[in-house]
Amino acid sequence: MNFLLLYFLGILPFLPFEGKITPELKKELERIGNKDKVFAIVHLSTIYPYEEVDNLSYKEKAKIFKKIAENSQNKIIEFLKNNFKSDEYEILRKFWVFNGFHIKATKSVI
């Protein structure tokens with residue numbers, strides 16, 4: 001299974017917005033039908049406060065990074081819920097290490 005990378009460069013309230021889509025994903029989107037779904041990794045641009053948490057333990061840093069990722073991802077996911085049918089996309093897994101999530105979605109969602 002090929003996983004393609006999709007970069008979102010902004011967070012609400014600026015949606016919809018132009019994001020960076022890899023050439024591989026663009027090619028796949030051109031190939032598939034409107035109802036077909038494609039796998040993608042959405043990488044949000046929210047920046048973690050690395051310098052501010054430098055003196056914290058790894059556990060404390062992880063807790064902060066997870067919360068930041070959850071807050072920024074929830075804004076995108078809420079946008080999807082409000083603007084697309086539930087059968088047009090599926091959030092497969094959320095990540096906090098790089099602040100992103102794995103999605104399977106139609107062209108219109110991507």
Side-chain angles (χ1 to χ4, degrees):
M1 199 176 307
N2 291 334
F3 296 100
L4 305 172
L5 188 60
L6 168 67
Y7 285 97
F8 281 139
L9 293 178
I11 301 298
L12 290 177
F14 305 108
L15 290 175
F17 51 82
E18 288 290 322
K20 287 187 181 178
I21 300 178
T22 62
E24 295 86 2
L25 181 54
K26 282 182 184 179
K27 188 174 183 180
E28 185 69 10
L29 291 172
E30 291 170 3
R31 188 189 67 74
I32 66 171
N34 290 335
K35 298 286 184 187
D36 295 330
K37 293 180 184 171
V38 62
F39 290 99
I41 299 293
V42 178
H43 186 185
L44 289 91
S45 64
T46 304
I47 299 171
Y48 290 148
Y50 295 111
E51 292 179 13
E52 290 88 348
V53 300
D54 194 40
N55 294 329
L56 299 178
S57 70
Y58 289 118
K59 189 174 184 177
E60 292 170 316
K61 289 177 189 177
K63 186 177 179 180
I64 290 169
F65 296 162
K66 285 178 184 178
K67 190 66 174 170
I68 291 169
E70 180 182 334
N71 289 337
S72 62
Q73 291 170 23
N74 284 344
K75 292 175 186 176
I76 301 284
I77 293 167
E78 191 63 29
F79 174 83
L80 293 173
K81 286 179 184 177
N82 291 331
N83 292 281
F84 297 96
K85 296 176 186 172
S86 61
D87 66 345
E88 291 183 89
Y89 70 94
E90 179 182 355
I91 305 297
L92 301 173
R93 185 167 183 187
K94 296 180 185 179
F95 304 100
W96 63 269
V97 174
F98 68 89
N99 192 10
F101 54 90
H102 183 204
I103 190 170
K104 183 178 179 184
T106 62
K107 283 184 196 187
S108 62
V109 173
I110 301 293

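These values consider heavy atoms only, across backbone and side chains, with no hydrogens, waters or symmetry-generated copies.
- Within a 6.0 Å radius of CD in E51, other residues, nucleotides and ligands contribute 12 heavy atoms or fewer.
- In this view, R93 and F95, H102 satisfy the side chain to side chain contact (heavy atoms under 4.5 Å, CB included) rule, not counting sequence neighbours.
- Within the model, atoms NZ of K94 and CD of E70 stand 6.5 Å from one another, a figure rounded to the nearest 0.5 Å.
- Here K37 pairs with K104, T106 under the side chain to side chain contact (heavy atoms under 4.5 Å, CB included) rule; sequence neighbours left out.
- The two residues I110 and A40 have their closest heavy-atom pair at CD1-CB, 4.2 Å.
- Each of I47 and V97 belongs to its own hydrophobic cluster when Ile, Leu, Val, Met, Phe, Trp and Tyr are linked at side-chain heavy-atom distances under 4.5 angstrom.
- Here OG1 of T46 is found 8.0 Å from OH of Y48. Values are rounded to the nearest 0.5 Å.
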Side-chain donor-acceptor contacts of residues 58-67 below 3.5 Å, not counting sequence neighbours, with atom names and distances?
| unit_1 | atom_1 | unit_2 | atom_2 | d |
| --- | --- | --- | --- | --- |
| E60 | OE1 | S57 | N | 2.9 |
| E60 | OE1 | S57 | OG | 3.2 |

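- Here the OH-CD1 distance, from Y89 to I77, works out to 8.0 Å after rounding to the nearest 0.5 Å.
- Closest of all the heavy-atom pairs between N99 and S72 is ND2-OG, 3.0 Å.
- Atom CG of L80 is separated from atom CZ of F101 by 6.0 Å, given to the nearest 0.5 angstrom.
- Taking the charged nitrogens against the carboxylate oxygens, E24 and K27 have no contact shorter than 4.0 Å, which rules out a salt bridge.
- Side-chain contact between I41 and F98: present, with at least one pair of heavy atoms (C-beta onward) separated by less than 4.5 Å.
- W96 and L56 fall within a single hydrophobic cluster, where Ile, Leu, Val, Met, Phe, Trp and Tyr are joined by side-chain heavy atoms under 4.5 Å apart, directly or via other members.
- Across V38, N83, I103, a single residue satisfies side-chain contact (heavy atoms from CB on, under 4.5 Å) together with V109, and that is I103.
- Expressed to the nearest 0.5 Å, how far NZ of K81 lies from CD1 of I91 amounts to 9.0 Å.
- A donor-acceptor pair is defined here as one N or O able to donate and one able to accept, closer than 3.5 Å; no such pair exists between the side chain of E90 and the backbone of A105.
- The structure places CD of E88 at 13.0 Å from NZ of K107, a figure rounded to the nearest 0.5 Å.
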